[in-house]
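The chains referred to below are lettered A, B, ... by the order of the sequence lines, with proteins before strands, and numbering in each begins at 1.
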Amino acid sequence: MAAREPRPAPTVLVADDDPDLVALMARRLERAGYDLLTARDGAEAAQLAAEHIPDVAVLDVMMPKLTGIEVAQGLKADPSTNHIGVVLVSAGFHDAVAGEGAFVDADDFIRKPFGPKDLPAAVGAVLDRARRAA
Amino acid sequence: MAATQPSSPGRVQPEAQDPTQPPVVLVVDDNATKRLALTAILAPLGLRIVEADSGVAALRCVMAENFAVILLDVRMPGMDGFETAALMRQRRESELTPIIFITAYDSDDIATRDRYVGGAVDFMFAPVMPNELRAKVSVFANLYSRAELLASDARDVQTSADQLRLLTDAAPIGIFQTDAQNRFVYTNPRWTSITGIPAEAAGGQTWEALVALGGGACLATEPDGETDVADSRRFEIRPPGAPPRVVVVTSNLVPDGDGATAGWVGTLADVTAEAGAEAAMAHAHEAALAANVMQLNFAASASHELRTPTTSILGYVEEVLENDALAKDDRGFLEIVYRNARRLSQLIDDLLVVGQGEIGASLMHLELAPLEPLVERVLSTFVPKAQGAGIALLADHGTDAVSVLVDPPRFEQVLTNLVSNALGFTPSGGTVTITTRRRGAVVEVAVCDTGMGIEVADIAQVFGRFYRATNATEAAVKGTGLGLAIAKGMIEAQNGRIRVASTVGVGSTFTVSLPIPAHEALVA
């Protein structure tokens with residue numbers, strides 16, 4: 001991965017079909033100092049990710065149009081987006097439904113319900129790993 | 001010249017001669033003295049002798065029984081010997097019976113007899129020489145005895161063949177025979193009823209040709225476990241005007257005398273019903289898998305639908321609680337909201353786990369894991385809670401580092417529920433001890449507390465869902481009533497068992513037992 005220009009604040013894309021949760025996650029990430037992009041379904045998330053190339057995408061697993069797992073697969077399969085860190089948000093059971101390795105395209109995941117610090121911590125950890133790898 | 005009775009089906013047999021009885025000789029002469037003389041000469045041979053005093057009487061005798069040889073006087077009043085012989089030859093049963101003509105004359109008789117009589121004949125001139133007569137009659141009698149034995153054997157073979165045919169005709173399985181080119185030479189009625197092909201149509205055809213004609217196909221060549229000459233194949237055939245059938249054809253090579261193939265004999269079994277049952281079972285298995293997937297999808301959807309709003313409730317309450325300017329009363333109320341939302345969230349988790357547990361063993365990812373570290377990991381998470389409650393939390397291991405076949409996170413959850421329960425029901429100053437022990441073919445993990453114990457009336461129900469012991473409710477111990485139900489369901493899905501022993505006021509012991517994997521048992 002090529003080293004990127006240092007930027008003032010990393011951009012995080014948050015995608016969930018529940019607007020209350022999008023707002024909650026955005027509020028916590030903004031407070032942690034990130035720039036935010038928000039999407040309401042998987043297709044919008046994929047489109048925004050391709051257009052704006054955020055540093056991290058936080059994707060709810062169960063979303064209309066495209067699931068978080070499908071969006072993650074699409075991002076990791078495309079050379080122009082495969083450096084974007086992916087945090088999946090799961091309410092459980094999706095690993096059982098989708099089978100072994102369903103989350104292999106994710107860099108981290110958190111479970112609902114998550115505490116106030118869980119999401120910023122997960123995003124921070126993914127960014128740290130990306131910086132170290134760069 | 002042998003008087004063999006040819007055996008062929010449908011032919012009316014004369015009374016069969018018993019091969020153990022002596023052959024019978026017919027002596028024909030109009031002169032009683034001469035008959036007496038002949039009978040006396042033959043007596044040493046031990047044969048039975050029937051006498052006739054005329055050609056007509058002789059014919060009657062021939063119609064009544066079969067003779068090994070006939071001694072026939074040529075010159076008799078009325079019908080002479082040649083005429084009598086000619087008439088005897090017209091009867092099928094006696095056409096081959098040897099006849100010895102006895103005549104006092106010579107060349108004339110011999111010259112004319114061919115006009116009348118064919119077949120085995122001989123001449124003797126009177127007066128006969130006793131030794132010569134005995135020798136001739138003896139030869140014919142022996143021939144006759146041997147022919148009768150052969151005929152008897154032939155009749156036995158025919159009887160066996162007839163019985164075998166009756167059996168194959170009535171057999172509930174198709175039976176066939178083919179020649180060296182694998183063309184049918186015999187098929188039984190059941191073969192016809194299975195294939196819908198009449199025996200006449202099958203004759204001279206190969207099985208492949210007949211199957212292809214109906215649009216059928218060989219489904220599989222089944223492995224043959226019995227002999228190396230039997231060949232077993234499964235076919236789908238389409239009998240005319242009937243639904244397709246699945247049949248199993250098993251053939252056995254029939255070697256000819258030189259070790260080459262004379263043909264095949266075999267059976268044809270209709271296994272359509274069994275094949276249908278197999279298909280139904282496969283279908284049921286698929287349906288069960290589909291139901292499992294449906295249940296998983298339901299669990300995933302339910303989980304998402306329930307956990308998303310609780311995440312919002314908890315999250316926004318947390319946000320508001322971070323506001324330092326919150327009025328004191330408002331903060332108190334919000335903390336109540338938060339605490340109850342947490343309980344609701346915990347209940348949802350437990351409910352989902354119960355649902356998951358019901359999906360059963362198929363969801364478990366069993367792996368060999370050392371038991372004691374699993375137990376220690378669970379215990380370590382409870383150390384702060386135990387200290388806070390003033391309860392001693394102890395471990396006592398005695399399994400020689402055995403490994404067990406479990407789904408580690410779910411096994412840990414079982415232990416977590418048991419230890420959490422034990423701590424919840426034990427007063428300050430009490431003790432919770434976890435003991436691990438080998439007991440024969442199983443390993444046991446016992447969680448023992450010095451708590452309030454369980455009433456006898458409650459013990460049978462502690463593993464039921466939403467069951468809360470009377471004293472637990474009175475003592476205001478928090479819980480959803482699902483912890484033990486979850487523990488039981490999960491441990492059973494990992495091939496384990498759980499039991500409880502308890503004394504009110506003394507404490508309770510919950511014991512989980514798991515089979516020791518075979519190779520682990522050897523380590524002991």
Side-chain angles (χ1 to χ4, degrees), chain A residues 14-32 36 38-42 58-70 87-103 109-123, chain B residues 289-323 337-365 367 407 409-410 413 493:
Chain A
V14 172
D16 196 310
D17 57 314
D18 184 308
D20 296 338
L21 266 192
V22 171
L24 179 69
M25 290 191 279
R27 179 183 163 87
R28 286 177 175 174
L29 290 169
E30 275 168 348
R31 197 161 55 210
L36 261 294
T38 60
R40 293 283 303 279
D41 60 54
V58 176
L59 306 167
D60 186 27
V61 168
M62 200 175 273
M63 285 188 292
K65 297 183 186 170
L66 286 175
T67 70
I69 292 170
E70 288 164 341
V87 176
L88 286 176
V89 182
S90 164
F93 293 94
H94 303 292
D95 41 351
V97 174
E100 293 276 327
F103 289 173
F109 77 95
I110 60 170
R111 284 192 181 277
K112 293 180 187 176
F114 43 82
K117 295 184 172 58
D118 291 345
L119 183 57
V123 169
Chain B
L289 284 180
N292 201 349
V293 168
M294 242 172 69
Q295 206 169 350
L296 276 171
N297 279 322
F298 173 78
S301 296
S303 170
H304 183 260
E305 294 309 314
L306 292 166
R307 281 174 173 156
T308 300
T310 45
T311 305
S312 267
I313 293 167
L314 289 167
Y316 282 105
V317 172
E318 282 159 355
E319 294 298 307
V320 179
L321 285 172
E322 287 193 0
N323 178 2
V337 170
Y338 185 70
R339 198 165 63 241
N340 281 281
R342 292 294 301 218
R343 277 184 65 187
L344 200 55
S345 176
Q346 183 61 47
L347 181 61
I348 289 165
D349 288 352
D350 287 355
L351 275 173
L352 289 169
V353 167
V354 168
Q356 194 181 14
E358 275 180 355
I359 300 166
S362 63
L363 260 183
M364 294 291 162
H365 301 290
E367 59 184 68
D407 183 330
R410 291 179 167 108
Q413 172 144 26

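Looking at heavy atoms from C-beta onward, Lys117(A) lies out of side-chain contact with Glu318(B) at the 4.5 angstrom threshold. Annotation: side chain of His304(B) is not in contact with side chain of Met63(A) (no heavy-atom distance under 4.5 Å).
No part of Glu305(B) comes within reach of chain A, as not one of its non-hydrogen atoms sits under 4.5 angstrom from that chain. Interface residue Ser312(B): backbone and side-chain heavy atoms are both found under 4.5 Å from chain A. With a threshold of 4.5 angstrom between heavy atoms, Asp20(A) approaches chain B through its backbone and through its side chain. Of the two parts of Asp17(A), only the side chain, counted from C-beta on, holds a non-hydrogen atom closer than 4.5 Å to a non-hydrogen atom of chain B.
Applying the side-chain contact (heavy atoms from CB on, under 4.5 Å) criterion to Leu306(B), with sequence neighbours excluded, gives Ile348(B).
Without hydrogens or angle criteria, Arg307(B) side chain to Ala91(A) main chain gives a donor-acceptor distance under 3.5 Å. Of the possible polar contacts, none joining the Arg27(A) side chain to the Glu319(B) backbone as a donor-acceptor pair under 3.5 Å is found.
Listed by first then second residue, pairs satisfying salt bridge (charged side-chain N to carboxylate O under 4.0 Å, His left out) with a partner in residues 59-69 of chain A read Asp41(A)-Lys65(A), Asp60(A)-Lys112(A), not counting sequence neighbours.
Listed here is the closest heavy atom pair of Leu24(A) and Thr311(B): CD2-O, 4.0 Å.
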